[in-house]
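Only one structure is covered here, and it is reproduced in the block below.
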Amino acid sequence: MPDSAPPGPSLEAESRESVTRRDLHFDLDGLDIRHWHPEGPHVAHFFNALSLTFPEGERFFIESVRAHRAAIEDPQLLADVRGFIGQEAMHGREHDAWNEKIKRAGLPADRIRGHVKRNTDLARRMFSDQAQLAMTMALEHYTAEMADQLLTDPRLLGDADPRARALWRWHAMEETEHKAVAFDVYRAAYGDTWSAWWKRTRLMWMVTIEFWLHVFVFHVMLVRADGGGRDWRGWLRALRYLWVRPAPMLKVPGVVWRYCRRGFHPWQKDNRSLIADWQRENAADSA
């Protein structure tokens with residue numbers, strides 16, 4: 001007897017967004033990579049640390065999804081996979097440009113990017129295709145939840161440099177748009193069985209520890225290299241931002257809990273309105 005019946009038509013299928021590749025370029029000339037965030041360099045470098053993980057991570061995501069295309073029969077999901085691959089490629093390109101500004105500022109961008117690449121290369125060698133896709137799902141869930149916060153809570157970017165706001169909001173919108181693609185590919189390839197659920201749940205816990213540990217290490221590396229290691233006011237400001245107000249890190253336990261529920265699907269949180277809002281605000285650029 002199978003672990004469970006295959007999933008039938010659902011709210012998630014009805015809510016699924018069509019995933020569109022947008023070839024947008026962001027002018028970062030003159031952007032102060034240290035001070036672009038209104039809460040100061042310690043907060044700016046938290047975002048910079050995230051950015052340094054993105055290009056290599058997105059290449060890993062593309063590979064893990066692409067490896068499962070043969071298991072997909074749904075034409076709409078196949079189209080969404082193409083859109084997902086296109087979007088992640090564009091994210092990698094634009095964050096490569098952002099990260100080059102970090103490097104030109106004399107900060108250890110290459111050292112951090114090298115560390116991220118070694119980690120993803122190790123994952124490719126050590127883990128099965130299923131496990132790599134489950135890791136991608138977990139990280140895509142994090143990026144989608146962070147994107148939702150960034151698009152709904154104006155305190156996260158505040159009065160940031162408009163060029164930085166444009167890039168981060170575009171990235172957040174597209175993470176929202178394709179938030180279920182890796183999940184639906186996993187379900188198409190491995191079903192909705194207890195064993196498939198257990199594997200994705202175990203890997204979510206592993207990814208949670210690994211990802212946030214590395215992000216905070218990279219954050220400290222950037223701040224110290226920028227001369228702010230002993231700036232306790234700066235550190236307190238960053239801690240208040242991350243853990244008190246607006247406190248994006250306090251959302252992490254809920255993110256994990258929701259993902260690990262047996263019947264979870266990303267579109268159970270129907271925030272399609274955020275995509276429509278961005279499209280209205282950026283109609284000329286996204287046409």
Side-chain angles (χ1 to χ4, degrees), residues 17-62 82-110 112-113 116 139-140 142-179 181 215 218-219 222 226 248 271 274-287:
E17 279 296 305
S18 179
V19 180
T20 304
R21 175 185 179 273
R22 301 170 183 84
D23 188 5
L24 302 184
H25 293 268
F26 294 86
D27 180 8
L28 302 179
D29 286 347
L31 177 72
D32 186 342
I33 205 67
R34 294 183 171 99
H35 298 97
W36 64 268
H37 197 283
E39 290 292 332
H42 287 67
V43 172
H45 287 318
F46 174 77
F47 283 90
N48 291 342
L50 287 172
S51 180
L52 286 164
T53 71
F54 287 156
E56 186 59 38
E58 281 149 355
R59 283 186 278 274
F60 181 86
F61 300 165
I62 288 169
R82 290 191 292 272
F84 171 88
I85 290 170
Q87 286 187 348
E88 295 290 45
M90 295 301 99
H91 299 171
R93 183 190 69 192
E94 295 307 301
H95 279 279
D96 272 332
W98 182 281
N99 296 341
E100 281 302 303
K101 292 192 72 68
I102 300 173
K103 177 181 177 179
R104 290 197 295 271
L107 301 172
D110 284 345
I112 292 171
R113 287 186 289 193
V116 174
L139 288 163
E140 282 290 302
Y142 269 121
T143 56
E145 289 290 330
M146 289 188 288
D148 184 82
Q149 291 183 58
L150 191 144
L151 292 169
T152 57
D153 189 342
R155 297 172 300 175
L156 282 174
L157 288 177
D159 190 22
D161 185 295
R163 291 160 295 186
R165 283 178 54 84
L167 187 149
W168 285 92
R169 285 180 59 80
W170 158 75
H171 190 167
M173 181 278 298
E174 292 198 340
E175 290 298 331
T176 302
E177 191 173 62
H178 72 229
K179 68 179 180 177
V181 172
V215 166
F218 300 156
H219 184 198
L222 291 172
D226 199 23
N271 57 354
L274 300 178
I275 302 168
D277 290 345
W278 184 93
Q279 289 171 335
R280 281 193 296 270
E281 293 166 9
N282 299 271
D285 291 336
S286 60

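The residues of the chain are indexed from 1 along the displayed sequence. Computed from a predicted structure; not experimentally measured.
Between Asp23 and Arg93 there is a salt bridge, with a side-chain nitrogen of the basic residue lying less than 4.0 Å from a carboxylate oxygen of the acidic one. Salt-bridge formation is detected for the pair Glu100/Arg113: a Lys NZ or Arg NE/NH1/NH2 atom is positioned less than 4.0 Å from an Asp or Glu carboxylate oxygen.
If you take CD on Glu58 and CD1 on Ile62, they are separated by 7.5 Å, rounding to the nearest 0.5 Å.
Other residues, nucleotides and ligands place more than 12 heavy atoms under 6.0 Å from the CG atom of Asp27.
Trp170 and Glu174 form a side-chain donor-acceptor contact under 3.5 Å, judged by distance and modelled atom types alone. Side chains of Glu175 and His171: a donor on one and an acceptor on the other come within 3.5 Å.
With Asp148 contributing its side chain and Ala144 its backbone, the two residues share no donor-acceptor pair below 3.5 Å. Checking side-chain atoms of Gln87 against main-chain N and O of Thr20 turns up a donor-acceptor pair under 3.5 Å. Of the possible polar contacts, none joining the Asp226 side chain to the Leu222 backbone as a donor-acceptor pair under 3.5 Å is found. Under a 3.5 Å cut-off, the side chain of Asn48 and the backbone N or O of Ile33 do form a donor-acceptor pair.
A heavy-atom distance below 4.5 Å is found between the side chains of Phe84 and Phe61. Annotation: side chain of Glu88 is not in contact with side chain of Phe54 (no heavy-atom distance under 4.5 Å).
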side-chain contact (heavy atoms from CB on, under 4.5 Å) between Glu281 and Met173, intermediate numbers included: CA-CA 12 Å; Glu281 293 166 9; Met173 181 278 298; over 6 Å; no
Candidate pair Asp32 and Asp161, rule side-chain contact (heavy atoms from CB on, under 4.5 Å), full reasoning: CA-CA 9 Å; Asp32 186 342; Asp161 185 295; over 6 Å; no
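When Asp159, Leu150, Leu157 are each tested for a side-chain contact (heavy atoms from CB on, under 4.5 Å) with Arg165, only one passes: Leu157.
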